[in-house]
Amino acid sequence: MSRFYLTTAIDYVNSRPHLGTAYEKITADVIARYRRLRGDETHFLMGNDEHSQNVYRRAVELGLDPLAYCDRMEQEFREVWRKLDISFDDFIRTTEPRHRAGVTALAERIAKAGDLYEGHYEGWYCVSCEAFKQEKDLVDGNCPVHLRPPEWIREKNHFFRLSKYRQPLIDHFAAHPEFLVPDVRRNEILRLLESGLEDISVSRAGQSWGIPLPSDPSSVVYVWFDALINYASAVGLGTDAGQFARWWPADLHVIGKDITRFHAAVWPAMLMSAGVALPRQIFGHGFVSLKGQKMSKSLGTILDPVDAADRFGADPLRLYLVKEIAYGADGDFSWERFEERYNVDLANNLGNLVNRVAAMTDRYRGGRLRASGATAGRLAATAEAAVADYRRSMDALALHEGAAAAYRIVDAANEFIAETEPWTLARDPAQAGRLTQTLYDVTEAVRLAATLLLPIMPSSSAQMLRRVGEPVPEGLELHDAARWRPAGERVVAKADPLWPRLEPKAPPAAAPEEPAAKAAHSTRRAKPMSEEQKDQPAPPAALPVTPTATPAQAGGERISIDEFMKVELRVAKVLAAEKVPNSKKLVKLQVDVGTEQRTLVAGIADAYEAESLVGRTVAVVFNLKPAKLMGIESNGMVLAASPEGGKPALVTFDEPVPPPGSRVR
RNA sequence: GCCGGUGUAGCUCAGUUGGUUAGAGCACGCGGCUCAUAUCCGCGGAGUCCGGGGUUCAAGUCCCUGCACCGGCACCA
């Protein structure tokens, strides 16, 4: 059995994890779960990076012992990871003894190789930045970033001979093209290597918060040098040779693109110096922005992933992040887009598929299927091809393509239902066998799709599998599970929709501050009332995008009277009406709304003859954005009741009929 | 200033090692179905792949160049 050891970057504990941090963990978790599904013995490491001066200062500010502060943050982080269903096998903190032992061991080896030397550094040092500043960078003698005076520091420093490893690194990159992916990152580092490497300082003098440098306990190991070593110390470097031999080298470091040079240049050089094997691969993922804006604490453009998980469950968020963002590239999150994908991918396609096959199986076969394996038509072939694509993509870390491959099965199953028309088969007793097989084939497609989606949506995929009567067995393995099974017996469970459609809650209230620049997207449905609508008029700096105020729960949320009053309903008199040519149910109306005449288009032709409408008094939405229907611009909307499956019925008024222009409310 | 990114359908984006009529989802229009969460299926319209050079039998894809937009040089994924 092959082993797979993967890690994510360890996180600073200055603040709670946000969507960007969660993105990294979620995608790494998908990889980890995929490897387990493949049958690899997998070790997935995460952790917290605690030896930072910022952490120390933050703790002091709060009047806490730094370690106590870190303890508290650890609980917060773990809670977030739990909610997001992150299945790490180990969680390391850099304040743990095992890490200290690892750092000590590695530093000693590097020192022994002659790659640590003592030097001095002096200059302006900004404590907040934890970095030295050039004289020219100062503004009025202050740190340009923190607007506070830096300190002049002359300190003894220990340097690592990074420059010595320039050529070995170049050679390594040449010999192992897969060492750093995607290619953009690799090219970046190659350019860096070509331009030369300078030795780097690896210690800080006069600080207590950190791990003492073995050769000079008056200094502590610089936080970056310290942090990188977690990957090795977590699996026993310096504490457990057996375990270390078992897991090292790591197969994959998943990191953010901003820290590639530390991982792809500094870290391998450190390992080379110490004579330790290099990790096999480093993946530098992109960043997730929020509505096109970089997430920033100071701008308040932070999205709390727990929020999204609390509202819809972790799985929809996971699917969105994995499927909608090309892994390696930057991506964007917005609530509109999230809700769109939720409705399309989950409610309409996958969820509805599970639901319809369950309903049909229940109705036609009492929930039981016994299939002999006669046919599956193209469905089986499509599914198996998708499985192959999925594996190829997932192996190559193209997670978004893996998700897309799984969805090809979902699409094929919906098409298959349309082609085979089980409801037609059900009317002909001679087709009984075919019907059973057809339904079975669909459940089989669901089983395969859900199996492939297990790494991405662990809990809902397991639920889908239960519904099609194939609960996840212990130690499920892909090579066996992802094979099409032409025959079998299963009990299918009818149940509530897994993902109820998110219906809009507010009317499309003609947001007047929107200069209609976004084109005439007139949807029949109203847009959900989401955060950014509330945001828009406010000054950009002060608005937390974190949607805490009005959680958009699925279901009937009530609106305020103010919200309702945004909709201007008016009495209108129909002056002229004609059926729109080539349309089935559209009528073009000329109406008097009191202040003016309007042209609007209504979908009521199957209930009303155009001529019969002339002279009638109707209710219209006056302040609706214009929309084009069949080439005609409609400036408003006629109110009508739309009974289930029936024809629309116009809203009418009691006598005496009010004059056009009267407000309705 | 330094570094980097992006520019492909109305919108959001895919486009593997350059290789047939450039794709998806959403939106829009038309049609079909009724098992299903008003869901699903089919068809359709619409792109100077930012501009200009170049390499090549062949370029959205490689090279040069111009333009536009954006980001980082705080913390951070």
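Residue numbers begin at 1 in each chain, while the letters A, B, ... track the order of the sequences. Every heavy atom of this structure was used, including side-chain atoms; hydrogens, water molecules and symmetry mates were not.
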Classify A/R427 by what it touches in the nucleic acid, base, sugar-phosphate, or nothing, heavy-atom distance under 4.0 Å. sugar-phosphate
Do the side chain of A/N48 and the main chain of A/V13 share a donor and acceptor less than 3.5 angstrom apart? no
In whole angstroms, the gap separating C1' of B/U34 from CD of A/E419 amounts to 17 Å
How close or far is atom C1' of B/C26 from atom CG of A/N349, stated in whole angstroms? 12 Å
On RNA chain B, compare the nucleotides closest to A/R363 and A/A9; which residue's is nearer the 5' end? A/R363
Let's see if you can work this out: which of B/C35, B/A36, B/C40 has an atom nearest to the side-chain heavy atoms of A/N414? B/C40
Regarding the side chain of A/R501, the nearest nucleotide among B/C41, B/U39, B/C35 is B/U39
Determine whether a donor-acceptor pair (N or O, by modelled atom type, separation under 3.5 Å) exists between the side chain of A/K25 and the backbone of A/A9. yes
Under 3.5 Å on both distances, the Watson-Crick or G-U partner of B/A14: none
Closest nucleotide among B/G15, B/G25, B/C41 to the A/E340 side chain: B/G25
For B/A74, give its Watson-Crick or G-U wobble partner with both distances under 3.5 Å, or none. none
When the distance from CG of A/D345 to C1' of B/U39 is rounded to whole Å, what number comes out? 14 Å
Measuring to OP1 and OP2 of B/C35, would you say a side-chain N or O of A/N355 lies under 4.0 angstrom away? no
Closest-nucleotide 5' rank along RNA chain B - winner of A/D411 and A/M360: A/M360
Strand partner of B/A38, provided both Watson-Crick or wobble distances fall under 3.5 Å: none
Across the strands shown, which category fits A/N343 at heavy-atom distances under 4.0 angstrom: base, sugar-phosphate, nothing? nothing
Taking CE from A/M73 and C1' from B/C75, how many angstroms apart are they, rounded to a whole number? 13 Å
Whole angstrom value for the distance that separates C1' of B/A38 from CG of A/L502: 15 Å
When the ring centroid of A/F338 is compared with that of A/Y320, is the distance short of 6.0 Å? yes
In plain terms, say whether A/R392 and A/D389 are close enough for a salt bridge, that is, a side-chain N and a carboxylate O under 4.0 Å apart. yes
Between A/F91 and A/F77, ring centroids under 6.0 Å: no
Between the base of B/A36 and the side chain of A/N352, is there a donor-acceptor distance below 3.5 Å? yes
Scan A/A347 against the nucleic acid and name what it touches under 4.0 Å (heavy atoms): base, sugar-phosphate only, or nothing. base
Need one value for A/N348: base, sugar-phosphate or nothing, where a base atom within 4.0 Å counts as base even if backbone is also close, heavy atoms only. sugar-phosphate
Starting from P on B/U39, measure out to CG on A/L346 and report it in whole angstrom. 14 Å
Between B/G25, B/U34, B/C41, which one does the side chain of A/W423 approach most closely? B/U34
Check every strand shown and say whether A/D11 touches a base, only sugar-phosphate, or nothing at a heavy-atom separation below 4.0 Å. sugar-phosphate
Rounded to the nearest angstrom, tell me the gap between atom CZ in A/F287 and atom C1' in B/C75. 12 Å
Mutual orientation of the aromatic rings belonging to A/W335 and A/F312 [parallel < 30°, tilted 30-60°, perpendicular > 60°]: tilted
May I ask you to decide if the ring planes of A/H263 and A/Y231 are parallel, tilted or perpendicular, using 30° and 60° as cut-offs? tilted
Under a 4.0 Å heavy-atom cutoff, the residues of residues 491-498 of chain A touching RNA chain B are A/P497, A/L498
Find the distance A/E336:CD to B/G25:C1' and express it as a whole number of Å. 16 Å
Please tell me which of the listed nucleotides, B/C41, B/U12, B/C26, lies nearest to the side chain of A/R337? B/U12
Charged tip of A/R261 within 45° of A/W267 ring normal and under 6.0 Å: no
Output yes when at least one side-chain N/O atom of A/R341 is less than 4.0 Å from OP1 or OP2 of B/U12, else no. no
Between B/C35, B/A14, B/G25, which nucleotide gets closest to the side-chain atoms of A/A329? B/A14
Side chain A/H285, main chain A/V254, donor-acceptor under 3.5 Å: no
